[in-house]
Each structure stands twice: as structure tokens, then as C-alpha cells.
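Notes to accompany the following structure.
The basis for the numbers below is simple: all heavy atoms, side chains too, and nothing from hydrogens, waters or symmetry mates. So you know, we letter chains A, B, ... as the sequences are listed, proteins then strands, and number each from 1.
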Amino acid sequence: MTGLLPARVIGQPLERADGMAKVTGTATYAAEHPVPGLTHLHPVQATIARGRVSAVDTAQAEALDGVIAVLTPANAPRLASTEDPELAVLQSDEVAFRGQVIGAVVATTPEIARHAAGLVQVSYVEQPHDVALRPDRADLYAPDKVNPAFPTDTEQGDVPSALADAAVRLDQTYTTAWYHNNPMEPHATIASWDGGDLTLHDSTQGVTAVRDTVAPVLGVAPERVRVICPHVGGGFGSKGQPHVHLVLAALAAKAVGRPVRLVVTRQQMFALVGYRTPTIQRIRMGADRTGRLTAISVDVVEQTSRIKEFAEQTAVPARMMYAAPHRRTTHRLAALDVPVPSWMRAPGECPGMFGLETAVDEMAAACGLDPIEFRVRNEPERDPETGRPFSSRNLVACLREGARRFGWAHRDPTPRARREAGWLVGTGVAASTYPAGRIAGSSVTIRFGPDRRYQVETAAADLGTGTWTALRQIAADALGVDYAEVDLRIGDTALPPASVAGGSTGIASWGSAVLDAAEAFRDKFGANPSEGDEASGGMPDNPHTERYAMHAFGAQFAEVRVREDTGEIRVSRLLGVFAAGRIVNPRTARSQFIGGMTMGLSMALHEQSVLDQRFGHIVNHDLAEYHIAANADVAELEAHWIDEHDPYVNPLGTKGIGEIGIVGTAAAISNAAHHATGVRVRDLPITLDKFLS
Amino acid sequence: MDADITLTVDGQVRQVRVDTRTTLLDALRDRMGVTAPKKGCDHGQCGSCTVLLNGRRATTCLALAVAHDGAEITTAEGLADGDGAPHPVQRAFLDHDAFQCGYCTPGQICSAVGMLDEARAGHPSAVTTDLVGPVELTDAEIRERMSGNLCRCGAYVNIVAAIQEAAR
Ligand code: FES
Ligand code: FES
């Protein structure tokens, strides 16, 4: 096939360009930028879940040596826009969730700021709060759309009749827990004003988005705001949009007339920087005697906050995964007195594919079919929702290749049939998918520098994903030069704008713009440019977007061991095979896949934010009690991919790989746990008590 | 209350004034501009702040600076030699891409260096079966000994591979 940029540097497993800086700890993260005259902010958080701040006594805090200012709703500077209630900090005395910021202390040292924050006395008028997510709530509502712009509900054919007529039926409810992104680098902002110009060192997945969101809130022109972020210590979605701390830092810096640093504590992150809603998924399926699905119905209930809506698109993967003539999907929300939910790695697909892929495993068993064979039998020829052909769809190839590598062929499907020294051993499989998209709005400038090197500039982000390396590889091929001849600059709004690193769209979006800029550069200056020659490009429209359904696919295989007497569960093997278009850098790509799978394992076995409904408070709000997988939780874990040539997704042929690794992992593990024990766990996390009841 | 202390950080003797509440981590990061040790939790729960403190791995967020007057500290930055050549553990992390965002990485590397010394000295871990003989660094041993260092990017399998290589 033609059309794709020929790969020369693309496809090489180059070492990370920022690797040395990271292993020596000299890469600079947001809170680490040296800024003269820095002051330190510690927020004061609400200790009620709903009500009003009636009085704030700041006298004791203000009396402390080193305290510069105590900000409250009464004395904080006014924002130009309070349209986004999440960002409208200290603009009213209303309390909408426990942990909301209701004050702030700025001091000369972090120790003093923290001490003083504890001395601020807040009185409240409390109102009854409601934080209980239940599927039988009378006030569930249908949002206008689900994230980012999918229809809330869909319906094809006649689901009730198809279910009634089905030879094999399933009607089960699956739930996923409340999850917090917990990137290892806490969110942090340093805000400094110079007259009307604001500089923000912020830990973000998109400096351009931060600038464009925050400027109107503060009432300054975007061109007077500069956001800088060369390195991000992980984000997984929580740094995809600005959260309250960013505005608070800027507001406080304005108020005190000095640069302010705000580093969100790990505990505060559980209230202030987003999370994934818990989901309740009722899934019904019908199949004929040969194991062909006739109906798929997914009804999702989840939460949002009372002050700002975020609707996770949990049922969306059920719209395109399997063929079935009758299909319906719905999303309903409960608006609660809880913190604002947001993006977390693979919103929609991640929780949605836990329910769907566990249900598919149950259906396969009910039809007496191997779960791989069942999936192959229900492979759609076209996108079931739109009728469009897939630009490429290699789910079956991933399942087959995974089965071969994993050693699936000799599996005895009987549950609870394999015992090894007190452990019940089982294996399971699940499919994975993620949309292959791009986000408009990026531009790239290429300049021929004095040292005869090409300077490639765009405000893109590297949150560990490898952008510093991969984008440079793309630029080298786009210009037809060596990797070593290219310099890359990213992570600064002083550079041409770039779309956010989210939705696995980064490389496809920025890379397309690099290609466009390189073409413009060569058109203008040919192969022998002179110093200072410069050309820019953007992301051209892709006419194929309207004609094809574009998704990456994968297959996840798991082997688990469950201790027969205690129910302890360990994942002894995980193996993923993915079909995600062209892989730009196999070394960093592999890290993205295994990182996603590891987070999926963590979701399957450990993660769960526990809400105390009496107080509206996440009680396990630190890394000792909110368990994320540690080294000893991960045994054998492999990621592979198949060569996939997709000439339609974009001129690079890439599909995006940051999220697909987490999709389906938890289902593969729960399916393996069922195979091991005969117990079907439909509620995450898969903890030992669930095998013992 | 402030106190003046002396620390040797990556071979340099330095004086620093700290609040008596200042942790060793904050003394390094905020007062001395030494930002190789990272703050992931401030509660001894993640390992990002690990350095070699008088030769042994330690979480600096759990140490008060004033209690470590005179201490010798090696950070990930100090493990590399002055000419910019990485320490063998750092080289192995690069070779195996044992990180993504890099935020846990300086702590992982200091922890790995300290852990390899512990294993060489015959210290057993929770998964060691032979408590008297030399420690055989199996993957399970490395996983166990490195489980105080969380990596949200999920680089564990690469971290184990890197440490295996460095241990050889
Ligand atoms: S910052 Fe010290 S252990 Fe987390
Ligand atoms: S590399 Fe990101 S947390 Fe370990």
C-alpha cells in the first residue's frame, strides 16, 4: 500500500532522548523550577460535604511568623469567569464536596504554610449531603452526551424481543470501583506574575490547553500567559485539564505580589484533581444455539458531581466490539455531593470492557464455546453502529497470536480443574480496544539552525510516553535526515500550539503536523536550506475519518493462582498482543503497553477508593491504603504487537498506544480467576473475600 | 525554630539552615536545590525520595533534616560519575527502558544500588528461604526487595530486568 511516510528512523528502538536526565534525576518537573522570591501555598479544605462557610477565623494563622496572606472566600481576588465551577476557587462560600478548597495560606516556607493552614478556624452551616451511588435512585438522569461527544443512548433493532427469543441469555450486573489516577508526581504549579504577564510552571498533559482554559478565568489575554512543562511525572488523564490548584496558585500570586508554589499533597489529590467514577453496568445478551449474538444491551449508571458534569462513556465499546442485530446502550448519571470526576486512562473503554468482556466470557461458557472461538464467531464485518468498514481490525489476529504465544491450545476449559500445591490455577482471555483518533489544533515550526541542525518546535507533552524521542524520529523521517540532526523543543506555550496529550492522540496529531511542516519546509527550501529558513505546518484534515471506523485492538491473556484455603489471588502471567498501527519506537511503545497492563492488573486486584458515606470522604486517601500494584504484584508480563499497516488513520499509520494496554486486562484476570475457582467475580477489585463466601 | 546543619551531598560538603520540622527530603529539594530525590507521597509510602544515607537506602521524607547533621547523602545524580557516565544500574535502566515518566526513577535507582549491597552482604528478605547462605538474586527476590518503590507507570518488569543485568 502507499500513502504512509516511509520508515527509516521510525521503527527503531532508540533510547529515550531524555533518558539520561531521568536516570540521574536532573530532568526538571514542575515544582522544581528555581524561581527567585518563591512563596509557598497550602490549601484549607472543607471538612463538610455540603453547606456553606459561615465564618473563617484567620487570626491565629495570620499571627504566625512567616505567614504572608490567608485567603478566604471573603478576601480572595475575584476571577473574571466563574463559568467552570471546578475552577471558581474562593469565589463563594458554598461547599459542594468534602475536601473542596475553601481557603489558602501563603507563607515564606512550606512548613509555615502548612502549620498555618491548620490554624485557620472555619465554621459552617451544614446541609444534608448525598453521596450514595445506587442504580435504583429516582433522580438518575440522562446527560446530553457522554465524554467527549458520544450519544448518551443508542438503539438498534428490537432488543426485548431478541432477548426473549434467544436460545442462550445473560442478564448480569458488573461494577467497577472508584479509582484515582495517582500519577507518581503530585500536581504542582508555580505561578509568577510580571505586571500583567503570568508564567506558570505546571505539571500538565497540555500547556496550550492550560493557557487557553486559565486565561479567561483569570481575565488575561492568552498571549500574556506562558505555561512551561518539559517533563511530566505521569498524568493518566488527571493532568489533561487544569484543576483548581492551578487557578488558586495564580490567584494567590496575584494577591501577594510574589511567585507562589502550590504542590498538591497526595491526600489532597483524592479530592482535587479528578478521578474515575464508579460504574454499575447491567449487561444483557442473547445468542442463538451456534453462539452468535443476537442482542447486546448495556445500561450504565455512574456518578458525576453536583457542580460539574463529567459523563464517562462506559457503554461505548459495546457499540462496536461485536456483531449483533439488536443492540441498545444507555448511560444514566447521579449528580452527587462528591468531587468532580474526570479523565482517567481510557475513559469509557477501561471500565466498559471489564463488564463487556466478562459477560462475553460467561456467554461463551453458556454456549459451550471456547472464549476465543466465541469472539471470532461474533466478529463484525463492519462497524455495527455506523455500518462503516474498519480502517483495519485485527482483533482475531491478536487473539490467535496471543493464543499461540500463551499456550492456549491445550487448555482444559473446566473450571477448578487445575491445582498446584494448594493453589487453584486458571487462565483467561479478554479483548481490548481503543479508538484511533486525532485532535485538531497543533502546529509545528521547523527551522534550520546555525549548527546546520533542524529545530522542530511544538508545545506537545511527554508524560513518560516517549514524545521527546518518538516525535524526533518522525521529524527525522519527515525531513529525510538523521535523528541526530534534529532538535526537538516541546512543553512550552512559547512554541507553536499543540493539542493535549490525551485519548492516545498525541503522536498521531503532532506527528501529522510535523509531517505537514516538513513538507512545507522542503517545498520552500529544498534539500539545501540556509540558516534561519523556517516553515510551519498544521494537521491536515483526514477525508477517511468520515468513511472508516478507526480503532486499535488487542488481546489480553492472564494466568492466575488463587490460594484454595485463603482466597489470596496472584497474577502469575499476563500477555498482551496488540494491533495498533505502526509503532514509532518499539522500546518506548513496549513500556506503554506493559505500563497499561500493569495498571490494569492493579485495577483488577487492588484499586478502590473507599467512600465513607457519612462524611463524603475517601478514607483510604494515600498510597498506603489506596493500593496500586507494587513490584512484587507483577510476575511474568509480556507485550507484543502484530505488524499492522493502516493507510487511512493518518499519514503515519499510527493508532495511539497510551491507553489500550489497560483495556481488557481486568476482565482477562477475572475470567482467569473464574477458570481457576469456578467463582465468577463481577465486582472489582477481585479481593480474596470474594472467593470465600 | 531553625537550625544550621551540615550535609555532604553527592560529595559536596554543604551548610544549610532548616526549620526543625523540615524533612531531609525538603531540605534537599527546597533548601538546597537538590531535586533528584522526588516527593511522591511525603509519608514513606512510595519510595520516590530514596537516597543512599550513609551508604544505605533510606526514604528521606521520613527523616528530619535536623536529626541528620553530618550525614553523607548520595542521590541518583551523584551516582553518575562527574564526566556524565552513568552508574551501571543507571545504564541498565536506560538499556531496559525501566521507566517512563521518570518520577520514581531516581528513587528506584538509589534503592536498587542499596538493595544490591544488602543482597551481597547476605541480608535475607521475606522471600529468602536459605537464611544463612549467600542470597541468590532471583526475580522474586528483586521484586520483593524493590516493592517499597512504587512505579505508577508500571515499569516493574523492566526494572527487574535492569537490576538483573546490573547484578551480573
Ligand atoms: S516521598 Fe518519601 S516515600 Fe514517598
Ligand atoms: S516511571 Fe513513572 S512512576 Fe515510575
Side-chain angles (χ1 to χ4, degrees), chain A residues 15-16 18-29 31-32 34 40 109-112 115 181-186 231-236 263 265-266 462-466 587-588 590-592 594-599 601-602 622-624 628-638, chain B residues 19 21-22 26 29-30 33-46 48 75-80 84 86-87 89-91 93-95 97-107 109 127 139-140 142-160:
Chain A
E15 185 178 302
R16 279 175 202 268
D18 52 347
M20 203 44 199
K22 283 181 171 173
V23 297
T24 54
T26 52
T28 310
Y29 298 83
E32 300 169 352
H40 303 269
T109 72
E111 291 86 4
I112 296 170
H115 180 198
N181 310 53
N182 274 317
M184 206 48 73
E185 179 207 14
H231 302 287
V232 191
F236 315 110
V263 185
T265 68
R266 181 61 58 183
D462 187 332
L463 30 154
T465 43
R587 181 193 300 232
T588 55
R590 183 169 171 274
S591 290
Q592 291 208 67
I594 65 168
M597 292 166 69
T598 301
M599 200 181 271
L601 181 157
S602 188
D622 61 33
L623 293 175
I628 67 172
N631 203 321
D633 293 311
V634 183
E636 276 180 53
L637 191 152
E638 294 174 33
Chain B
D19 190 314
R21 298 168 296 187
T22 304
D26 286 345
R29 285 173 64 82
D30 292 344
V34 177
T35 55
K38 305 298 181 197
K39 185 188 285 190
C41 72
D42 214 16
H43 279 60
Q45 300 167 346
C46 76
S48 317
T75 72
E77 189 175 3
L79 283 173
H87 182 278
V89 171
Q90 290 170 324
R91 185 67 256 162
F93 267 60
L94 290 166
D95 290 343
D97 205 40
F99 57 95
Q100 287 199 70
C101 78
Y103 200 76
C104 74
T105 312
I109 286 169
V127 299
D139 285 355
I142 292 176
R143 287 182 202 127
E144 173 65 25
R145 289 164 188 263
M146 291 300 293
S147 278
N149 292 82
L150 297 178
C151 175
R152 188 55 159 166
C153 294
Y156 298 127
V157 289
N158 289 353
I159 290 170
V160 172

Chi angles and distances behind the side-chain contact (heavy atoms from CB on, under 4.5 Å) call for L94(B), F99(B): CA-CA 8 Å; L94(B) 290 166; F99(B) 57 95; 4.1 Å; yes

Test side-chain contact (heavy atoms from CB on, under 4.5 Å) applied to C153(B) and M184(A), step by step: CA-CA 8 Å; C153(B) 294; M184(A) 206 48 73; over 6 Å; no

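Contacts of D139(B) with chain A are absent, with no heavy-atom separation under 4.5 Å from either backbone or side chain. Contact of L601(A) with chain B is not made at all, since no heavy-atom distance falls under 4.5 Å. Residue T598(A) touches chain B through its side chain alone, counting heavy-atom pairs closer than 4.5 Å. At a 4.5 Å heavy-atom cutoff, the contact between E15(A) and chain B is made by side-chain atoms alone. Contact of I594(A) with chain B is made through backbone and side chain together, with heavy-atom distances under 4.5 Å. Using a 4.5 Å cut-off between heavy atoms, P183(A) touches chain B through its backbone atoms (N, CA, C, O) alone. Heavy atoms closer than 4.5 Å to chain B are found in the backbone of N181(A), but not in its side chain. Only the side chain of S48(B) comes within contact range of chain A, with heavy atoms under 4.5 Å apart. Both the backbone and the side chain of V634(A) come within contact range of chain B, each with at least one heavy atom under 4.5 Å from a heavy atom of that chain. Proximity to chain A involves both the backbone and the side chain of L150(B), based on heavy atoms less than 4.5 angstrom apart. Within the 4.5 angstrom heavy-atom criterion, no atom of R145(B) approaches chain A. Contact annotation for A635(A): both backbone and side-chain heavy atoms come within less than 4.5 Å of a heavy atom of chain B. Contacts between S602(A) and chain B at a heavy-atom distance below 4.5 Å involve the side chain alone, from C-beta outward. When heavy atoms are compared at a cutoff of 4.5 Å, R587(A) approaches chain B by way of both its backbone and its side chain. For Q592(A), the parts lying near chain B are the backbone and the side chain together; criterion is any non-hydrogen pair under 4.5 Å. If you measure heavy-atom distances from N149(B) to chain A, you find no contacts under 4.5 Å at all. Heavy-atom distances place both the backbone and the side chain of S591(A) under 4.5 Å from chain B. Using a 4.5 Å cut-off between heavy atoms, A624(A) touches chain B through backbone and side chain atoms alike.
Per-residue heavy-atom pair counts under 4.5 Å with chain A were compared for D97(B), T35(B), V160(B), and the maximum is reached by D97(B). Most heavy-atom pairs under 4.5 Å with chain A, from the set G154(B), C151(B), C101(B): that is C101(B). The candidate with the highest count of non-hydrogen atom pairs below 4.5 Å against chain A, out of G40(B), P106(B), A36(B), is G40(B). Highest contact tally toward chain A, considering only P86(B), A80(B), G33(B), P37(B), is held by P86(B) [criterion: heavy-atom pairs under 4.5 Å]. Most heavy-atom pairs under 4.5 Å with chain A: of the set V34(B), D95(B), T75(B), this distinction falls to D95(B).
Checked for salt-bridge contact, K39(B) and D26(B) meet the test: a charged N lies under 4.0 Å from a carboxylate O. Salt-bridge check for E185(A) with R152(B): failed, with every basic side-chain N at 4.0 Å or more from each acidic carboxylate O.
The aromatic rings of Y103(B) and Y29(A) stand perpendicular to each other, their planes meeting at an angle above 60°, with 30° marking the opposite boundary.
Taking 4.5 Å as the limit, some side-chain heavy atom of K38(B) sits within range of a side-chain heavy atom of E32(A). A heavy-atom distance below 4.5 Å is found between the side chains of R21(B) and I112(A). Within the 4.5 Å cutoff, the side chain of R266(A) has no heavy atoms near those of the D42(B) side chain.
In this structure, CE on M146(B) lies 10.0 Å from OH on Y156(B), to the nearest 0.5 angstrom.
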